[in-house]
Protein chains: 2
Amino acid sequence: MKAVLGKRSQDIVEDQIDRGDYNPSSATFRLANSPFYLMAHADFKYHEDMDKVLHKHGVSKPIYRVMTVLRERQPASIGTIAEAALTKRSTISRIIDRMLEQGLVTAEPNAEDNRITEVTLTAAGEQRLRKLTPIVGRQFMRAMDGISNRDIAHLLRTLQKISANLSKLPIE
Amino acid sequence: MKAVLGKRSQDIVEDQIDRGDYNPSSATFRLANSPFYLMAHADFKYHEDMDKVLHKHGVSKPIYRVMTVLRERQPASIGTIAEAALTKRSTISRIIDRMLEQGLVTAEPNAEDNRITEVTLTAAGEQRLRKLTPIVGRQFMRAMDGISNRDIAHLLRTLQKISANLSKLPIE
DNA sequence: CTAAGTCATATGTAATTGCATATAATGCGG
DNA sequence: CCGCATTATATGCAATTACATATGACTTAG
């Protein structure tokens, strides 16, 4: 593609052609400048410290994630939880087993469709979650130190666009 | 902190106090507006499709991640790879075993310090990586569709700040 | 120069996850 | 109303991961 008058060719390359260094297929690509690597890195560090604290309260990372999903919509089916928690259904099925043993949730068949298992937080589950919330809140504040709410809003918009793009039909 | 003349109090609250809805301990918090959930979601979707394609080429997600680390610095020790690949050392040790079986890497003890295992991509490993690169590149372009390079640069800066914050001393 | 301490990796074992499949319930075409 | 396809979950089994610990190599105090 040729440069257009009034717009530097560099801009055209950067904005519309190949994403330059950002593209993992670029010769000058570096992980430290890769959006997806940095997302994974930030998410990893965020949970790394937190998991240790959560474990002291008998809650693993996947269990915590299921609890946060249930906080928003209850009751929820195994499939719904799996999708929201980014985990396979069979795995969620077993995580719910562990949560049942701990008395954190109940699991009842749906009255209208007996195939569906409806999972609900128990009072104990709700209480456990409330206990953990401030810990997670502090970690969040720590992560966002020195970042304006305007920048967080911008981050959200970009991440939402990326998620939406990737929910369209896949490659190949 | 007091309001400063010339700055609306709303800005002060939004920029400096409690992060409002973004904070996981807020009563109005929603996963769909949570930066860390969205990072995990975007990263998950990004790899979900890609892994299927990579598997056809005999490369799993962790193996691919190790290869991208090695592309940047070679040779690299088990510990170095583990840190960069966000995976435990013992796990990397076994992943390298599998890569050795596939002839993707060599592993030699460091001449000066015999404890260290130096891992290097073989010619076959380099070739495999080159073969996969355009596939990953297409997935990246798909993810970033409709997002300007300016926004990507902004995203990077914010993610780098978050990572830096989380690399400081942990909570509790 | 030696013994204790530290460091890097490897490995035994247990737990977790995912794939493939089984089971059971619902929906639908005829 | 029947049988076949589909859907939701559960489970046997294999692979992966992590924790705890072992092994071997370097480092350093004395």
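Excluded from the calculations below are hydrogen atoms, water molecules and symmetry mates; all remaining heavy atoms, backbone and side chain alike, are included. Order of the sequence lines sets the chain letters (A, B, ...), proteins ahead of strands, with each chain counted from 1.
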Non-neighbouring partners of [X] that pass ring pair (Phe, Tyr, Trp, His ring centres under 6.0 Å), sequence neighbours left out:
| X | value |
| --- | --- |
| Phe29(A) | none |
| Tyr46(B) | Phe36(A) |
| His55(B) | none |

5' to 3' on DNA chain D, which nucleotides open and close the contacts with chain A (atom under 4.0 Å from a heavy atom)?
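Boundary nucleotides touching chain A, in 5' to 3' order, are dT7(D) to dC13(D).
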Nucleotide by nucleotide, nucleotides 9-17 of chain C touches protein heavy atoms under 4.0 Å in the pattern (B base, S sugar-phosphate only, - none) BSBBB--SB
Pairs involving [range], ordered by first then second residue, that meet ring pair (Phe, Tyr, Trp, His ring centres under 6.0 Å) (sequence neighbours left out):
| range | value |
| --- | --- |
| residues 124-148 of chain A | none |
| residues 67-123 of chain B | none |
| residues 60-94 of chain A | none |

Taking for each residue the nucleotide of DNA chain C bearing the nearest heavy atom, is the 5' side occupied by Asp113(A) or by Ile92(A)?
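It is Ile92(A), whose closest nucleotide lies nearer the 5' terminus.
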Angle between the two end axes of the helix from dC1(C)-dG30(D) to dG30(C)-dC1(D), five base pairs per end, rounded to 10 degrees?
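The angle, to the nearest 10 degrees, is 20°.
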What pairs meet the salt bridge (Lys or Arg N to Asp or Glu O under 4.0 Å) rule with one or both residues in residues 68-90 of chain A, with sequence neighbours excluded?
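Residue pairs with at least one partner in residues 68-90 of chain A: there are none.
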Taking only residues at least two apart or on different chains, which pairs with a member in residues 105-122 of chain B satisfy salt bridge (Lys or Arg N to Asp or Glu O under 4.0 Å)?
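Checked against salt bridge (Lys or Arg N to Asp or Glu O under 4.0 Å) - neighbours excluded - the pairs reaching residues 105-122 of chain B are Asp113(B)-Arg115(B).
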Can you name the salt bridge (charged side-chain N to carboxylate O under 4.0 Å, His left out) partners of Lys45(B), sequence neighbours left out?
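Testing Lys45(B) for salt bridge (charged side-chain N to carboxylate O under 4.0 Å, His left out), a comparison that skips the adjacent residues, returns Glu48(B).
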For a side chain to side chain contact (heavy atoms under 4.5 Å, CB included) check, start with the C-alpha distance between Ile81(B) and Ile95(B), then their side-chain angles and the critical distance, and finish with the verdict.
CA-CA 11 Å; Ile81(B) 297 169; Ile95(B) 291 172; over 6 Å; no
For Lys52(B) and dG18(C), what is the distance between atoms NZ and P respectively, to the nearest whole Å?
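Distance check: Lys52(B) NZ to dG18(C) P gives 13 Å.
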